[in-house]
Amino acid sequence: MPASSARAPRATIRPAAGKLGVLTPGLGAVATTFIAGVESIRRGLAKPIGSLSQMATIRLGKRTDKRSPRIREFVPLASLDDLVFGGWDPIPDDAYTAATKSGVLEERDLTPVADFLKGITPMPAVFDSKYVTRLTNTTNVKKGKNKRDLAEQLRQDIRDFKSQSGVDRVVMVWCASTEAYIKPGAAHATLKDFERAMEENHEEIAPSMLYAWASLMEGVPFANGAPNLTVDTPALLALANERGVPVSGKDFKTGQTWMKTVISPGLKARMLGLAGWYSTNILGNRDGEVLDDPASFKTKEESKLSVLHTILQPEMYPELYDKFSHVVRINYYPPRGDNKEGWDNIDIFGWMGYPMQIKVNFLCRDSILAAPIVLDLALFSDFAMRAGMKGIQEWLSFYYKSPMAAPGLTPEHDLFIQQTKLKNTLRHLMGEEQITHLGLEYYA
Ligand SMILES: NC(=O)c1ccc[n+]([C@@H]2O[C@H](COP(=O)([O-])OP(=O)(O)OC[C@H]3O[C@@H](n4cnc5c(N)ncnc54)[C@H](O)[C@@H]3O)[C@@H](O)[C@H]2O)c1
């Protein structure tokens with residue numbers, strides 16, 4: 001294949017000039033681990049481990065060309081030195097107090113950046129305990145005459161943050177609690193329906209949707225780290241397209257689901273069958289406490305369950321994957337704090353139907369895995385905006401358990417296809433040749 005055939009002209013990309021504001025609804029374990037980490041990296045105290053944008057390389061051209069720059073050298077991303085942080089939380093703790101309470105980072109890592117973290121205090125949140133039931137000390141909450149009024153206050157917060165901090169651009173990454181399960185309904189059908197529903201305080205309009213609406217109205221890209229419906233509705237997707245703003249979601253792919261999207265493509269690649277996959281977790285942080293509520297767990301469960309079916313395609317391979325049993329449990333167990341332990345028991349079968357088992361025992365640290373994802377999503381969402389991308393950013397599926405996709409399109413869950421899609425999108429935008437891995441040119 002001639003090298004030029006898969007090459008698009010380079011997109012017009014506005015430079016990453018000036019500062020980039022990163023606003024997080026939620027200043028809990030994930031958000032504070034992310035902020036503390038970025039500040040530690042800026043001070044030379046840590047390395048950005050787990051971040052593709054900072055550490056991964058990208059091959060350009062032929063293998064023999066030996067051109068593999070780091071992604072951050074290839075693509076004009078905002079520099080870590082240019083990031084400015086802000087957020088909202090119904091709990092009034094500053095970022096240092098919140099980080100200390102969440103127990104992810106040790107004192108030896110928090111003390112050197114304590115002053116910086118103490119300077120980040122949450123703006124009053126749009127919060128309603130009907131959607132997240134297990135939180136206490138929620139005193140830092142906005143009042144308004146209806147949901148629309150509350151959303152307008154969020155818009156004002158974004159504008160004030162911009163002018164007070166002197167940032168040129170802003171992105172929003174949802175790092176707040178998982179809300180109760182909501183199905184897309186009449187209130188989310190069109191933008192008009194959505195705005196009327198906000199004015200009428202419709203119960204299908206959850207707080208996260210108000211943040212997403214405010215974000216899009218202000219031209220701020222929105223990334224959704226939780227499984228809530230949030231921006232994944234026809235109304236808000238229409239708004240994103242109309243305003244030319246990139247969105248992505250849902251639910252950071254960090255521990256057990258990440259493992260699932262590594263192992264299950266391997267089983268399918270070898271045409272090995274699956275009889276069942278049982279996953280259980282113990283988790284003792286605030287997220288675990290919120291997920292102990294059945295309504296919030298239902299949102300998470302839906303997000304976790306969709307993965308295997310989409311990857312294994314039982315409709316195409318009924319002899320291998322028809323009717324496999326898939327069970328996911330999360331148990332709130334306080335002594336473990338943020339250090340989740342997950343067990344997976346995978347019942348597979350091979351040649352002549354003989355059964356085998358795989359056991360995975362993953363002792364992971366949830367927020368340590370999530371923090372670099374927040375960083376990459378902030379940087380790539382800002383990059384997408386500057387490159388003129390709008391609406392759903394499917395190339396960011398890599399980061400999500402439940403990736404958003406165009407209506408009628410099956411989401412892509414396979415981690416390795418997601419990685420190829422991400423890198424090829426960067427090559428495409430930068431006017432570089434797509435890498436197909438065909439490789440026949442080396443043997444001509
Ligand atoms: N850590 C992971 O590996 C991981 C993976 C996937 C998804 N997530 C999701 O990321 C989110 C954050 O996780 P965490 O461990 O930091 O939880 P956390 O409980 O430590 O922090 C969440 C914060 O959000 C705040 N909050 C709740 N409702 C809010 C609202 N309406 N507006 C603003 N703030 C609000 C809470 O007060 C809390 O401080 C959760 O939804 C979680 O399910 C985490």
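Ligands are counted one by one from 1 in listed order, and the atoms in each one are counted from 1 as well. Nothing here was measured: the structure is a model prediction, and the numbers come from that model.
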Would [X] count as being in polar contact with ligand 1, using the rule that some N or O on each side must be under 3.5 angstrom apart?
X	result
Ala31	no
Asp89	yes
Pro25	no

So is [X] touching ligand 1 or not, going by heavy atoms under 4.0 Å?
X	answer
Pro90	yes
Ser102	no
Lys401	yes
Tyr211	yes

Just jot down the ligand 1 atoms closer than 4.0 angstrom to any heavy atom of [X], in number order.
X	result
Asp366	1 (N), 2 (C), 3 (O)
Asp251	6 (C), 7 (C)
Thr254	2 (C), 3 (O), 5 (C)
Ile91	37 (O)
Ala29	15 (O), 16 (O), 18 (P), 20 (O), 21 (O)
Val126	30 (C), 31 (N), 32 (N)
Leu135	27 (C), 36 (C), 37 (O)
Val30	1 (N), 13 (O), 14 (P), 15 (O), 16 (O)

Carboxylate-amine/guanidinium contact Lys19 Asp168, below 4.0 Å: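 No, no charged N to carboxylate O under 4.0 Å.
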SB check Lys268 Asp414 (cutoff 4.0 Å):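 Looking at Lys268 and Asp414, the cut-off is not met.
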Location of contacts on Ala176 toward ligand 1, heavy atoms closer than 4.0 Å: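 Answer for Ala176: both.
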Location of contacts on Ala370 toward ligand 1, heavy atoms closer than 4.0 Å: side chain
Lys143 backbone acceptor or donor facing Gln153 side chain under 3.5 Å: yes
Flag, side chain of Thr111 to backbone of Arg108, donor-acceptor distance under 3.5 Å: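 Side chain of Thr111 to backbone of Arg108: no pair is present.
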Contact check, side chains of Ile35 and Leu83, non-hydrogen atoms, under 4.5 Å: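 No, side chains not in contact.
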Any side-chain heavy-atom pair of Glu242 and Leu191 under 4.5 Å: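 Touching, per the 4.5 Å side-chain cut-off.
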Ring centroid separation Phe380 to Trp395 under 6.0 Å: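 Centroid distance Phe380-Trp395: below 6.0 Å, so yes.
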is_close_aromatic(Phe85, Phe34), centroid dist under 6.0 Å: yes
Protein contact of atom 6 (C) of ligand 1 - nearest heavy atom, named by residue and atom, plus distance: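 It is Phe252 O, 3.0 Å.
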Closest approach of any protein heavy atom to atom 9 (C) of ligand 1, naming residue and atom: Gly225 O, 3.7 Å
Plane angle bin for His188 and Phe194 - parallel if under 30°, tilted between 30 and 60°, otherwise perpendicular: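 Phe194 and His188: tilted rings.
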Minimum-distance pair of heavy atoms, taken over all atoms of Gly391 and Asn241: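 So the minimum-distance heavy-atom pair works out to CA-OD1, 3.5 Å.
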Residues forming a side-chain hydrogen bond (donor to acceptor under 3.5 Å, both in side chains) with Arg196, sequence neighbours excluded: none
